[in-house]
Amino acid sequence: MAKQDYYDVLSVAKNASDDDIKKAYRKLAMKYHPDRNPNNKDSEGRFKEVKEAYEILSDSQKRAAYDQYGRAGVDPNMSAASAQGFSGFSDAFGDIFGDIFGQAGGSGRRTGPQAYHGSDLRYSMEISLEQAAHGYATQIRVPNWTPCKICNSSGAKPGTKPATCPTCHGQGQVRMSQGFFSIQQTCSQCHGNGTYIPEPCACCHGAGKVRETKTLEVKIPAGIDDGMRIRSSGNGEPGINGGPNGDLYVEIHIKPHTVFERDGNDLHCQMPIAFTTAVLGGEIEVPTLAGKASFTVPEGTQSSKTFCLRGKGIKGLRSSLPGDLYVHVQVETPVKLTEMQRDLLRQFEKSLFEGGARHSPQSKSWFDRVKSFFE
Ligand SMILES: [Zn+2]
Ligand SMILES: [Zn+2]
């Protein structure tokens, strides 16, 4: 839907004088003002259009931009300039209606310093894999700010007072020209307070608050993973000028485990097994995060074989079932043999030789591959 030309909205000629524009605006704004047309959507819409047209055409810079580029030159949605650049309207509006409708204009100029959200804090916490798997309750010490008792939070040395900021003359805002637009910005010297403290309080150095520490109870939920964060609402830095506090984020780091490696909700462990167990098979005992478990190694188990123990992993924060434990077995070569053991093995070796390649399935297939490679 194409928007109407601003001159048409105000029913004035393209070369209308500032005075004509103001008169036309005053007439139409009175006609469509919401206070005179309660619950009338149509006049509300017209009122907004009139307001917008006047906002542009009453400002010589914006009017020039509009004449040259059309709405693209002035539309806050189409240009990079922020909507703050158009704050001139509320002033003009206040001038005209202030006396008739009282506080008409609604979103009028801001009074008092700007409120800011306090900064978020990050707390890095190292926990063990067991603590991550089973949950963990602990206490941490975090910074806390309390009002300064020496200066009663004013930040000024007792007996002195904050003074008006010389940069913004107490407005908290400064106007800056940027291209076609005049942009209102928060004063950088006083951060919007409008005042500064010539003689800061010696106790809080002008902050009006003193940093202390407080103890927080933290409950780490079972199943938490490395790098996850827990938010503690409102326990960050305090808000400025009445703004809300920031939040505290506890960031979890899981220490490497001596036995297990975690992969999501699954656990992996390397486990040496005796040469004879690998050959003959047998029951072996494995550690899990919930105590010991056992499983059967079948006869003829090769090294690096992986066994999966269902449900012996970690139950993740959002999963309904726990993960699995993967046991990677390593067949251990016996060392430091006695002469008798060597003899037994030599006899054993001889019997294997007599049995042929069927005792060594891996070697057989390997030598077959090497052979075909050289042919
Ligand atoms: Zn200032
Ligand atoms: Zn103080």
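Scope of the values below: all heavy atoms of this structure, side chains included, with no hydrogens, waters or symmetry mates. When a ligand or atom number is given, it counts from 1 through the structure's own listing order.
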Is R229 positioned over the aromatic face of Y249, cation under 6.0 angstrom from the ring centre and no more than 45 degrees off axis?
yes
Inspect the contact between D19 and K22 and indicate whether a charged nitrogen and a carboxylate oxygen are less than 4.0 angstrom apart.
no
Does a salt bridge link R262 with D226, judged by any charged N lying under 4.0 Å from a carboxylate O?
no
Transitively linked via ILVMFWY side-chain contacts under 4.5 Å: I127 with L289?
yes
Do I220 and Q131 come within less than 4.5 Å of each other through their side chains, counting heavy atoms only?
no
What protein N/O/S atoms are there under 2.8 Å from the Zn ion (ligand 1), waters excluded?
C165 SG, C168 SG, C187 SG, C190 SG
Tabulate below the donor-acceptor pairs under 3.5 Å that side-chain atoms of residues 293-300 make, not counting sequence neighbours, or state none.
| unit_1 | atom_1 | unit_2 | atom_2 | d |
| --- | --- | --- | --- | --- |
| S294 | OG | E283 | OE2 | 3.3 |
| T296 | OG1 | E283 | OE1 | 3.4 |

How about the Zn ion (ligand 2), which protein N, O or S atoms come within less than 2.8 Å?
C148 SG, C151 SG, C201 SG, C204 SG
Indicate every side-chain donor-acceptor pair of residues 264-277 with a distance under 3.5 Å to a residue at least two apart or in another chain.
| unit_1 | atom_1 | unit_2 | atom_2 | d |
| --- | --- | --- | --- | --- |
| N265 | ND2 | S319 | OG | 3.4 |
| D266 | OD1 | D324 | N | 2.8 |
| H268 | ND1 | H328 | NE2 | 3.0 |
| Q270 | OE1 | Q330 | NE2 | 3.0 |

To the nearest 0.5 Å, atom CD of E52 lies from atom CZ of F47 at 12.5 Å
Where does the angle between the aromatic ring planes of Y25 and Y54 fall among parallel (under 30°), tilted (30 to 60°) and perpendicular (over 60°)?
parallel
